Amino acid sequence: INSTWTGRHASGSAHYDGRAFDATGSQEDMQRFYDWAAANTSPGQLIFRNGHIKDGKRARAVGGHYGHVHFSPA
């Protein structure tokens, strides 16, 4: 886990409420975590590379998520 409520995030981010985290690791490990979370949870937001799930559904890609996986619960 790289960032919870600390760091710089978008205005209104769930990070500032302590409801999100960013996970880092190798590209392979981050992809495995993204795939696992997509298959086994219903995230409020899950973002990595060009993958974005919002409120449990695929959504438009969000830039700036190549070095970490953003996760926040529903």
Side-chain angles (χ1 to χ4, degrees):
I1 304 297
N2 181 46
S3 179
T4 52
W5 62 89
T6 59
R8 293 182 353 183
H9 307 284
S11 176
S13 171
H15 282 282
Y16 297 122
D17 295 333
R19 297 181 297 113
F21 66 83
D22 292 338
T24 60
S26 69
Q27 290 291 307
E28 295 81 13
D29 285 344
M30 289 187 290
Q31 187 65 58
R32 276 192 287 273
F33 173 66
Y34 178 91
D35 293 342
W36 177 87
N40 294 287
T41 70
S42 294
Q45 276 198 314
L46 179 64
I47 309 168
F48 180 56
R49 296 184 184 162
N50 293 322
H52 181 197
I53 297 173
K54 183 171 182 162
D55 299 326
K57 298 178 183 166
R58 301 269 175 207
R60 194 168 137 223
V62 175
H65 292 83
Y66 288 87
H68 68 278
V69 179
H70 171 91
F71 180 87
S72 63

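In this chain, numbering begins with 1 at the start of the sequence shown. Remember, predicted model here, so these are calculated numbers, not experimental data.
- Hydrophobic cluster membership is shared by Phe33 and Ile53, with clusters built from Ile, Leu, Val, Met, Phe, Trp and Tyr side chains linked at under 4.5 angstrom.
- Within the model, atoms CZ of Arg49 and CD of Gln31 stand 5.0 Å from one another, a figure rounded to the nearest 0.5 Å.
- Residues Tyr34 and Phe21 share a hydrophobic cluster, clusters being chains of Ile/Leu/Val/Met/Phe/Trp/Tyr side chains in contact below 4.5 Å.
- For Asp29, the salt bridge (Lys or Arg N to Asp or Glu O under 4.0 Å) partners are Arg32, not counting sequence neighbours.
- Using a distance-only test at 3.5 Å, with no hydrogens or angles considered, a donor-acceptor pair links the side chain of Ser72 to the main chain of Gln45.
- Residues satisfying the side-chain contact (heavy atoms from CB on, under 4.5 Å) criterion with Ala59, sequence neighbours excluded, are His52, Lys54.
- When all heavy atoms of Ala61 and Asn50 are compared, the pair lying nearest together is CB-O, 3.6 Å.
- Residue Ala20 comes nearest to His70 through the heavy atom pair CB-CE1, 3.6 Å, listed as atom of the first residue, atom of the second, then distance.
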| said: Working note: Gln27 + Phe48, criterion side-chain contact (heavy atoms from CB on, under 4.5 Å); need CA distance, chi angles, decisive distance, verdict. | reply: CA-CA 10 Å; Gln27 290 291 307; Phe48 180 56; 3.6 Å; yes
| field | Steps toward side-chain contact (heavy atoms from CB on, under 4.5 Å) verdict (Thr41, Trp36) | value | CA-CA 8 Å; Thr41 70; Trp36 177 87; 4.0 Å; yes
